[in-house]
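Owing to the predicted nature of the structure, the values given are computational and were not obtained by experimental measurement. One-based numbering along the sequence shown. In each ligand, atom 1 is the first atom listed, and ligand 1 is the first ligand listed. In what follows, every heavy atom counts, from backbone to side chain, and hydrogens, waters and symmetry copies are set aside.
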Amino acid sequence: MTTAITEHKIDRLVHLLVKNATVVVPGPKIAEEIGVSRSTVWEWIEKLRELGVAIKGHPRHGYQLEKLPDILVPSLVRAELLHAEIGHKIIHYFRTDSTNSVALQLDEHEAPHGTVVIAEEQTVGRGRLGRNWYSEKSSGIYTSIILRPPLSPAAAPILTLLAGIAVHEAVGSVSGLEADIRWPNDVLVNDKKVCGILTEMKAEVDRLHMVVLGIGINVNHRSMPEGLREIATSLARESGVHYSRQQVLAELLRSVERYYHMFLTEGHAAVVREWSKVSSYAEGKRVRVKAGGNDYSGVTAGLDSSGALKIRSDDGRNHLLVAGEITELRQER
Ligand code: BT5
């Protein structure tokens, strides 16, 4: 399978099969309608099968969907997002290195505000500080939302918190699971990570050109690989339910849009307020802090107006974290 951007015509093939879901569509008819050869149709059908799309049939007799496919091609996602600003343009890959890397290479014309890059699989999914993001094919959501806010680069951290609130809400409304947010960028279910957020940007000193909200959500993973099992989980593992990724994604994009507008009209304080309502890490949590080469323990004491986390360390000092890691301390003191 290539790492090229998904051809508009594959999207049309999926759309055609979905529209005719109850009947067998002859191969030649598909080929004619989307303007490719029959062998290309066959190739693409195989590609879709590799992704788990259940298609019955054969080039000679025609093809039929066995059930509606849960892939995130633009036509199917857009159908859930009428009139949306975020997701009005969707760039889809069956496989790419990292949706954030793709997004950062796009210019303003290719990727206006609200463009969303999606992949079914990432080969080099990225976390912060060069870490990896495990991106199993067709099981999770790997997306980068491009925002072009009329703001200075100092606003970027608050957008990470905003994305966390949106994920929290989307997870709750699709699954009913009670999620938590660990400052600054992890969404947890039952204390294990189901989502990570990587915010990157292109900016000048006083102007943001583009913010890329990279969001990875573990949705239908049946198991997590060795090394992640202790700290990571998926929505399906926690609830025993298999979810429509289309629905999770659509819910996520709608939530991001809603909170983004809240932020533009009400400012940082609204994001800080909403985040503090849904994160058990906002206040009174005993944590270990790793930041800027320092390592200490303390208790969280709320966010400041920019979204930085206040910590009172065990030696009585007050700290303000603008970046770094915290982990919950359960046993000590
Ligand atoms: C993050 O970094 O949590 C940000 C992850 C962002 C991923 C998205 S996917 C779409 C977009 N394109 C990209 O290339 N990236 C973004 P960080 O806080 O540094 O956490 C990374 C750590 O989380 C790793 O070192 C592992 O310990 C753990 N981890 C890796 N894969 C995971 C997964 N699938 N689920 C839960 N934890 C994972």
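Of the charged side-chain nitrogens involved, none lies within less than 4.0 Å of a carboxylate oxygen, so that Glu274 and Arg258 do not count as a salt-bridged pair. With salt bridges taken as basic N to acidic carboxylate O contacts below 4.0 Å, none links Lys47 and Glu50.
The contact set between ligand 1 and Ser98, taken as ligand atoms under 4.0 Å from a residue heavy atom, comprises 12 (N), 13 (C), 14 (O). In summary, the atoms of ligand 1 found under 4.0 Å from a heavy atom of Ile231, numbered by their order in the structure, are 27 (O). Near Ile215, with a cut-off below 4.0 Å to any heavy atom, the atoms of ligand 1 are 8 (C), 9 (S), 10 (C). Listed by atom number, the atoms of ligand 1 under 4.0 Å from Gly125 heavy atoms are 14 (O). Distances below 4.0 Å separate heavy atoms of Thr99 from the following atoms of ligand 1: 10 (C), 11 (C), 12 (N).
Taking any N or O of Tyr142, backbone or side chain, none lies under 3.5 Å from an N or O belonging to ligand 1. Distances between N or O atoms of Ser144 and those of ligand 1 include no value under 3.5 Å.
When all heavy atoms are compared, the tightest approach of Ser305 to Ile158 is O-CD1, 4.4 Å. Between Tyr260 and Pro150 the shortest heavy-atom distance is OH-CD, 4.2 Å.
In this structure, His92 and Phe94 have perpendicular ring planes: the angle between them is above 60°, well past the 30° mark. Ring planes of Tyr296 and His319: parallel class, angle under 30° (limits at 30 and 60°).
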Just list the side-chain donor-acceptor pairs under 3.5 Å for residues 205-217, sequence neighbours left out, or say none.
| unit_1 | atom_1 | unit_2 | atom_2 | d |
| --- | --- | --- | --- | --- |
| Arg207 | NH2 | His209 | ND1 | 2.9 |
| His209 | NE2 | Glu204 | OE2 | 2.8 |

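No donor-acceptor pair closer than 3.5 Å links the side chain of Arg317 to the backbone N or O of Arg312. The closest donor-acceptor contact from the side chain of Arg237 to the backbone of Arg222 lies under 3.5 Å. Remark: the backbone N or O of Trp275 is not paired with any side-chain donor or acceptor of Ser279 at under 3.5 angstrom. Side chain of Arg245 to backbone of Asp70: a donor-acceptor contact under 3.5 angstrom is found.
In terms of protein heavy-atom proximity, atom 5 (C) of ligand 1 is nearest to Trp133 CE3, 3.5 Å. Looking only at heavy atoms of the protein, atom 1 (C) of ligand 1 is closest to Asn185 ND2, 3.6 Å. Looking from atom 22 (C) of ligand 1 to the surrounding protein, the closest heavy atom is Lys193 NZ, 4.1 Å. Of all protein heavy atoms, the one lying nearest to atom 36 (C) of ligand 1 is Ala232 CB, 3.3 Å. From the protein, the heavy atom lying nearest to atom 26 (C) of ligand 1 is Leu228 CD2, 3.7 Å. The protein atom (non-hydrogen) at minimum distance from atom 24 (C) of ligand 1 is Asn132 O, 3.6 Å. Tyr134 N, 2.9 Å is the protein heavy atom nearest to atom 31 (N) of ligand 1. Of all protein heavy atoms, the one closest to atom 8 (C) of ligand 1 is Gly216 N, 3.6 Å.
The shortest separation from a heavy atom of Thr143 to ligand 1 is under 4.0 Å, placing the residue in contact.
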Next on the checklist: Under the criterion side-chain contact (heavy atoms from CB on, under 4.5 Å), I'd like the reasoning laid out for Thr96 against Tyr142: C-alpha separation, chi angles, the key distance, then a yes or no.
Outcome noted: CA-CA 10 Å; Thr96 190; Tyr142 316 113; over 6 Å; no
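Counting heavy atoms under 4.0 Å from ligand 1, residue Ile197 touches it through the backbone alone. For Asn218, every heavy-atom contact with ligand 1 shorter than 4.0 Å involves the side chain, none the backbone. With a 4.0 Å cut-off on non-hydrogen atoms, Glu325 does not touch ligand 1 at all.
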